[in-house]
> 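One structure follows; several queries about it will come next.
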Amino acid sequence: MSISQENAPIYEALMEFEKKRIVPFDVPGHKRGRGNPELVKLLGEKCVKLDVNSMKPLDNLCHPVSVIREAEELAAEAFGAAHAFLMVGGTTSAVQAMVLSCVKRGDKIILPRNVHRSVMGALVLCGAIPVYVDPACDERLGIPLGMRVSDVENAIKANPDAKAILVNNPTYYGICSDICTIVKMAHDNGMLCLADEAHGTHLYFGENLPVSAMAAGADIAAVSMHKSGGSLTQSSILLTGPNVSEGYVRQIINLTQTTSGSYLLMASLDISRRNLALRGKESFAEVVRLAEYARKEINDIEGYYAFSKELVNNDSVFDFDVTKLAVNTWDIGLAGIEVYDLLRDEYDIQVEFGDLDNLLAYISIGDRPREIERLVSALAEIKRRFGKENKNGLMRQEYIDPEVAVSPQVAFYAEKESLPLEETEGRICSEFVMCYPPGIPILAPGERITKEILDYIKYAKEKGCSMTGPEDADITKLNVLKTEK
């Protein structure tokens, strides 16, 4: 039987399976919900009945040969890739599989420092050495921008033995580097080009949006379908180009991904791919329309700045993803995280994240005009009720250049000691510190702790940023490398 983008093989197999009323003497132990009625009440009978284990009619995620294989082939076709892997450990597992497929202990990888924690985690696991291309910073917005081509070129010249270059496409804030040129530079120098496309699913299906990684010729891309693609949380897709071994990548994935893949997650990927392949162009045109309308309305409220393509300079901002509704709050005298908290606590609106200067409202295929109007109205009222003329209490968010002393893996596994935060200046950190979201480390293992970084951490804590990473959950202490006596 030939299959087309109108098919959803995993979903269709599940529907056939449900009709057969098979008696389960396998896992999961709730046995279609009979053993856990409270779970059925929470999720519904349909959902729990489809929470099944791998079996011949439903294929196996670790070694797919039938319906999962067909779903991956359809995904590859839809995304313009040589192969696609369904991932059920989130885009974190996809990013880590991507990195682990390309570099090993001692290999160099060129990357921007404003990468997600999953990239740094992969370096801890494999022992590769990061070569950072420090992104420019927009001083008004306090956000890191993209990688300048000239800086990537310099990094390649200084590290001709590097194995790969990693690009954010786009960043959380919608900033895009010149990925087409970076791909060519990588290939011309015998390197692979990897793309973290956690926030770029829509680039494959929308029109007049920045170029996708596969269209740019990248070798591997990690795509977060559950963010802008509409699948269930924790479902993702890893895409590979023709120069990457499908079998080897599968081996790497199977090192860490579960052997009990969730059919709820896989079916959601299958259905969402079909939806985007058939209706993505129209859906994302509406997303763009809503985001642009919201941006205009917010910019009409004096004090907010919802930025867009005016940032494009064909260098550190090569392109901009207009679906990203990021709003700078500096001129109303409130930190982005403060507005984030007010929206939730006072107006029952949950935006994606707030940092020191900005907030991000994620606009997707599930949004409607009425929600946009509610957000705009709430922002106007927050300015009126809580805005401040005096900005003296605010700290400008800025990108802090890291000082890398040892590799992330060496630092993470080294002998360490725990010190009060204020006593760690000058020492080498052995753990992560980050605000999540967006999950970009303020400190990563192997980096030297400076007064500037400590001031930033203290201020972010005071403002209510959600800080994660360290062994000490309150971040009153940090683990640092032991010094020789």
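Treat the numbers as computed from the prediction; the structure is a model and nothing was measured.
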> Inspect the surroundings of CD in E282 and state if more than 12 heavy atoms from other residues, nucleotides or ligands are less than 6.0 Å away.
yes
> Taking atom CD as the centre, does E310 end up with more than 12 heavy-atom neighbours from other residues, nucleotides or ligands that are less than 6.0 angstrom away?
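Result for CD/E310: enclosed.
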> Mind listing the closest non-hydrogen atom pair of P441 and M120 along with its distance?
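P441 and M120 have their closest heavy atoms at CG-CG, 3.9 Å.
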> Salt bridge or not between E207 and K281? Use side-chain N to carboxylate O under 4.0 Å.
yes
> Within the distance-only criterion (no hydrogens, no angle test), does the side chain of N7 pair as donor or acceptor with the backbone N or O of P9 below 3.5 angstrom?
no
> Would the distance check show the side chain of D270 and the main-chain N or O of I10 forming a donor-acceptor pair, the cut-off being under 3.5 Å?
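Yes: the side chain of D270 pairs with the backbone of I10.
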> Please examine the side chains of E292 and V322, heavy atoms only from C-beta on, and report whether any two atoms are closer than 4.5 Å.
yes
> Within a 6.0 Å radius of atom OH on Y11, are there more than 12 heavy atoms belonging to other residues, nucleotides or ligands?
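Atom OH in Y11 is not crowded, with 12 or fewer foreign heavy atoms closer than 6.0 Å.
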> Using residues 144-153 as the side-chain source, report each donor-acceptor pair under 3.5 Å to any protein atom, sequence neighbours left out, with the distance given to one decimal.
residue, atom, partner, partner atom, Å
R148, NE, D151, OD2, 2.7
R148, NH2, D151, OD2, 3.1

> Could you tell me whether the side chain of S407 and the main chain of V410 form a donor-acceptor pair under 3.5 Å?
yes
> Determine, stepwise, if the pair Y172 / H116 fulfils side chain to side chain contact (heavy atoms under 4.5 Å, CB included).
CA-CA 10 Å; Y172 225 144; H116 188 262; over 6 Å; no
> Kindly indicate, with the supporting measurements, whether the criterion side chain to side chain donor-acceptor pair (under 3.5 Å) is fulfilled by T91 and S236.
CA-CA 5 Å; T91 311; S236 182; 3.1 Å; yes
> Can any side-chain N or O of S231 pair as donor or acceptor with the backbone N or O of H226 at less than 3.5 Å?
yes
> Do you know the tightest heavy-atom contact between P470 and V433?
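Closest approach of P470 to V433, heavy atoms only: CG-CG2, 3.8 Å.
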> Excluding sequence neighbours, so at least two apart, what forms ring-ring contact (aromatic ring centres under 6.0 Å, His included) with F412?
none
> Determine whether a donor-acceptor pair (N or O, by modelled atom type, separation under 3.5 Å) exists between the side chain of N60 and the backbone of P64.
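No.
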> Check whether more than 12 heavy atoms from other residues, nucleotides or ligands sit under 6.0 Å from atom CD of E415, and answer yes or no.
no
> Going from CG on L50 to OH on Y263, what distance comes out if it is rounded to the nearest 0.5 angstrom?
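Interatomic distance, L50 CG to Y263 OH, rounded to 0.5 Å: 12.0 Å.
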> So which heavy atom on P402 is nearest to which on D134, and how close?
CD-OD1, 3.6 Å
> Using only heavy-atom distances, determine whether the side chains of N159 and K108 contain a donor-acceptor pair under 3.5 Å.
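Present: a donor and an acceptor within the cut-off.
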> Test the R250-F85 pair against the cation-pi criterion, namely NZ or CZ under 6.0 angstrom from the six-membered ring centroid and within 45° of the ring axis.
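No; the conditions do not both hold, so R250 does not lie above the ring face of F85.
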> Less than 4.0 angstrom from a charged side-chain N to a carboxylate O is my criterion; do D59 and R69 meet it?
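No, no charged N to carboxylate O under 4.0 Å.
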> Test your reading of the model: is there a side-chain donor-acceptor pair from R273 to the backbone of Q5, 3.5 Å cut-off?
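The answer is yes, because a donor-acceptor pair under 3.5 Å joins these two groups.
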> How long is the span from the CG atom in L454 to the CD atom in E425, to the nearest 0.5 Å?
6.0 Å
> We want to know whether D219 and H187 form a side-chain donor-acceptor pair, criterion being a heavy-atom distance below 3.5 angstrom.
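Present: a donor and an acceptor within the cut-off.
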> K416 and S430: which non-hydrogen atoms are nearest, and at how many Å?
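Scanning both residues completely, I find the closest heavy atoms to be CD-OG, 3.6 Å.
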> Would you mind checking if R289 and E286 are paired as a salt bridge, meaning a charged N to carboxylate O distance below 4.0 Å?
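Yes.
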> Tell me if the CZ atom of R279 is crowded by more than 12 foreign heavy atoms within 6.0 Å.
yes
> Looking at every non-hydrogen atom in both residues, tell me the closest pair between A460 and L356 and how far apart they are.
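The pair with the smallest heavy-atom distance is CA-CD2, 4.1 Å.
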> So does S224 get a backbone contact from the side chain of T201, meaning a donor-acceptor N/O pair under 3.5 Å?
yes
> Inspect the contact between D474 and K461 and indicate whether a charged nitrogen and a carboxylate oxygen are less than 4.0 angstrom apart.
no
> First locate atom CG of D472, then atom CE of M467, and finally report the distance between them rounded to the nearest 0.5 Å.
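CE of M467 is found 11.5 Å from CG of D472.
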> Working to the nearest 0.5 angstrom, can you tell me the gap between L100 CG and I252 CD1?
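Nearest 0.5 Å value for the CG-CD1 distance: 6.0 Å.
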> Taking all heavy atoms of S118 and all of V95, pick out the closest pair and write down the distance.
OG-CG1, 3.4 Å
> Measure the spacing between CD1 of I271 and CD of E12 and express it to the nearest 0.5 Å.
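Between I271 CD1 and E12 CD, I get 9.5 Å after rounding to 0.5 Å.
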> Looking at K309, I want to see if its NZ is surrounded by more than 12 non-hydrogen atoms of other residues, nucleotides or ligands under 6.0 Å.
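Enclosed.
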> So C465 and D355, do their side chains get closer than 4.5 Å, heavy atoms only?
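No, every pair of side-chain atoms sits at 4.5 Å or beyond.
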> Checking side chain to side chain contact (heavy atoms under 4.5 Å, CB included) for the pair L443/F432: CA distance, chi angles, key distance, verdict?
CA-CA 6 Å; L443 270 172; F432 293 97; over 6 Å; no
> Tell me whether the rings of F353 and Y173 are parallel (<30°), tilted (30 to 60°) or perpendicular (>60°).
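F353 vs Y173 ring planes: perpendicular.
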> So, are E447 and R113 salt-bridged, with charged N and O less than 4.0 Å apart?
yes
> What's the verdict on side chain to side chain contact (heavy atoms under 4.5 Å, CB included) for Y204 and E197, showing C-alpha distance, side-chain angles and the deciding distance?
CA-CA 10 Å; Y204 289 87; E197 285 190 314; 2.4 Å; yes
> To the nearest 0.5 Å, what is the distance between CG on L238 and OG on S101?
7.0 Å
> Kindly indicate whether the side chain of S235, heavy atoms from C-beta on, has any atom under 4.5 Å from the side chain of V88.
no
> Compute whether any side-chain donor of one residue and acceptor of the other, for N358 and N328, lie under 3.5 angstrom apart.
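Indeed, the side chains of N358 and N328 share at least one donor-acceptor pair under 3.5 Å.
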> Please step through side chain to side chain contact (heavy atoms under 4.5 Å, CB included) for the pair L421 and T476, ending with a clear verdict.
CA-CA 5 Å; L421 195 63; T476 59; 5.9 Å; no
> Is a side-chain N or O of E423 found less than 3.5 angstrom from the main chain of L419, in a donor-acceptor match?
no
> Does a salt bridge link K184 with D188, judged by any charged N lying under 4.0 Å from a carboxylate O?
yes
> Quick one: does any side-chain atom of D138 pair with a main-chain N or O of G142 as donor and acceptor, under 3.5 Å?
no
> Indicate whether the side chain of E352 and that of Y340 have a donor and an acceptor atom separated by less than 3.5 Å.
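On atom types as modelled, these side chains do not qualify, holding no pair under 3.5 Å.
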> Mind telling me whether H202 and F284 have parallel, tilted or perpendicular rings, with 30° and 60° as the class edges?
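Judged by the thresholds at 30° and 60°, the geometry between F284 and H202 is tilted.
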> Does D196 reach the main-chain N or O of N168 with its side chain, forming a donor-acceptor pair under 3.5 Å?
no
